[in-house]
There are 2 protein chains.
Amino acid sequence: MRHKKTSVGNVTVLERLRASGLRPTRQRLALAKLLFARGHRHASAEQLFNEAKTHRIEVSLATVYNALHDFTAKGLLREISIDSGGSYFDTNTSYHHHFYFERSGHLEDIAADRIAIAALPDAPGGAEISRVDVIIRVNG
Amino acid sequence: MRHKKTSVGNVTVLERLRASGLRPTRQRLALAKLLFARGHRHASAEQLFNEAKTHRIEVSLATVYNALHDFTAKGLLREISIDSGGSYFDTNTSYHHHFYFERSGHLEDIAADRIAIAALPDAPGGAEISRVDVIIRVNG
DNA sequence: GTTATATTTTAGAACCATTCTAATCTTATT
DNA sequence: AATAAGATTAGAATGGTTCTAAAATATAAC
């Protein structure tokens, strides 16, 4: 048996891709499975690329970048850059914040309701607020 | 007259450098003057480098980077990276936050008291919070 | 199913911000 | 002045990301 025709994870991922208007290619399916199979995660392009290698998924680094950006554009991922020199892609796209561990570079989600922002200024010049990010840097 | 021996801005800057234990070299003095002469600002390495060129200050790009990092290490500047691919150096080192204009890449300070954070979670695993950054992204 | 059309993948080159190297020059100290 | 420590420099190197243009694949139309 070379292929599983369907698996629960596979179908879900396939449907998610179709639903967002992205062609479910072999590469996108495989990468999406890696990203969305288990709970939420923060992945860099390089990390995902290596993970794919480990799983014997043949995919180029360019395709990993393309897929991550396509997924982000369709709202399946959210891009985060904290230190210059590498962004992370977060599978949790709902409103939330982050701990950033300065020593290790590790990111950890903070549920939105754990940070209460009482007052927020209006955007200057009638601009619209598109997102509010709270990053708590910890030296851990 | 080739050099002004002293000027108010010069003396202040020279004192600031000495006070922080940095040798006040020609290059550091010139760059510090550009940075601190007027009110607070956000400068990238490239921007500062070009500004130096415009002012006929001969300084290499490596020195601009060195100076910016040295100033940051001594607490004269604060480094901010929002999108991967370039950091800014903020002359305002006191606690405050930022508007980020997604279209232009422009940064604008938000005084700390304009954002009230009512509840903040403890850092996990007994780590210490080193900084809290609030970035309000606006599409302007 | 086949064909036509649009989209995707790919290897490798190119790019850009940043850091490194190791030689030269400056500053501060004696 | 001589010395030692620190700073500057041009250019090479690095690392993450994007580009290019050709080959492969997915969908739509027949």
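Reminder, nothing fancy here: chain letters follow the sequence lines and each chain counts from 1. Predicted model only: the values in this text are computed from it and were never measured.
Annotation: cation-pi pair B:R137/B:F99 absent, no NZ/CZ under 6.0 Å from the ring centroid and within 45° of its normal.
Spacing between atom CG of B:L29 and atom P of D:dG6 amounts to 19 Å, rounded to whole angstrom units.
Using a cut-off of 4.0 Å between Lys/Arg side-chain N and Asp/Glu carboxylate O, A:D133 and A:R78 are scored as salt-bridged.
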Give every pair of a protein N or O atom and an N or O atom of nucleotides 15-19 of chain D that lie under 3.5 Å apart, one pair per line with the distance.
from: D:dT17; atom 1: OP1; to: A:S87; atom 2: N; distance (Å): 2.9
from: D:dT17; atom 1: OP1; to: A:S87; atom 2: OG; distance (Å): 3.3
from: D:dT17; atom 1: OP2; to: A:Y65; atom 2: OH; distance (Å): 2.4
from: D:dT17; atom 1: O5'; to: A:Y65; atom 2: OH; distance (Å): 3.2

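The number of heavy atoms from other shown groups lying within 6.0 Å of CG (A:D122) does not exceed 12.
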Mark up nucleotides 24-30 of chain D, 5' to 3', with B wherever a protein heavy atom is under 4.0 angstrom from a base atom, S wherever such an atom reaches only the sugar-phosphate, and - elsewhere. -SBS---
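No side-chain heavy atom of A:L35 sits under 4.5 Å from any side-chain heavy atom of A:V13. You'll find the side chain of B:R28 reaches within 4.5 Å of the side chain of B:L22, heavy atoms only. Taking the side chain as every heavy atom from C-beta outward, B:R131 and B:Y95 never approach each other to under 4.5 Å.
Judged purely by atom type and a 3.5 angstrom limit, B:T63 has no side-chain atom pairing as donor or acceptor with the backbone of B:V59. A donor-acceptor pair is defined here as one N or O able to donate and one able to accept, closer than 3.5 Å; no such pair exists between the side chain of B:H106 and the backbone of B:S104. A donor-acceptor contact shorter than 3.5 Å links the side chain of B:T91 to the backbone of B:R41. Panel note: side chain B:H97, backbone B:V134; a donor-acceptor pair is recorded below 3.5 Å. For B:E51 (side chain) and B:L48 (main-chain N/O), no donor-acceptor pair under 3.5 Å exists by modelled atom type.
In the model, A:Y100 has a side-chain atom that pairs as donor or acceptor with a side-chain atom of A:D83 under 3.5 Å.
For B:H69, the ring pair (Phe, Tyr, Trp, His ring centres under 6.0 Å) partners two or more places apart in sequence, or in a different chain, are B:F89.
Both A:F71 and A:Y65 belong to a single network of hydrophobic side chains, linked directly or stepwise wherever heavy atoms of I, L, V, M, F, W or Y lie under 4.5 Å apart.
Put simply, B:T63 has no side-chain N or O that comes within less than 4.0 Å of OP1 or OP2 on D:dT8.
For the helix from C:dG1-D:dC30 to C:dT30-D:dA1, the axis fitted to the five pairs at one end and the axis fitted to the five pairs at the other end meet at an angle of 30° (nearest 10 degrees).
Aromatic ring orientation, B:H98 versus B:H42: perpendicular (interplanar angle above 60°, classes split at 30° and 60°).
Heavy-atom distances under 4.0 Å link DNA chain C to no residue of residues 48-59 of chain B.
Heavy atoms of B:D70 sit nowhere under 4.0 angstrom from any nucleic acid atom.
Protein chain A contacts DNA chain C over a range whose 5' and 3' limits, counting nucleotides with an atom under 4.0 angstrom from a non-hydrogen atom, are C:dA6 to C:dA11.
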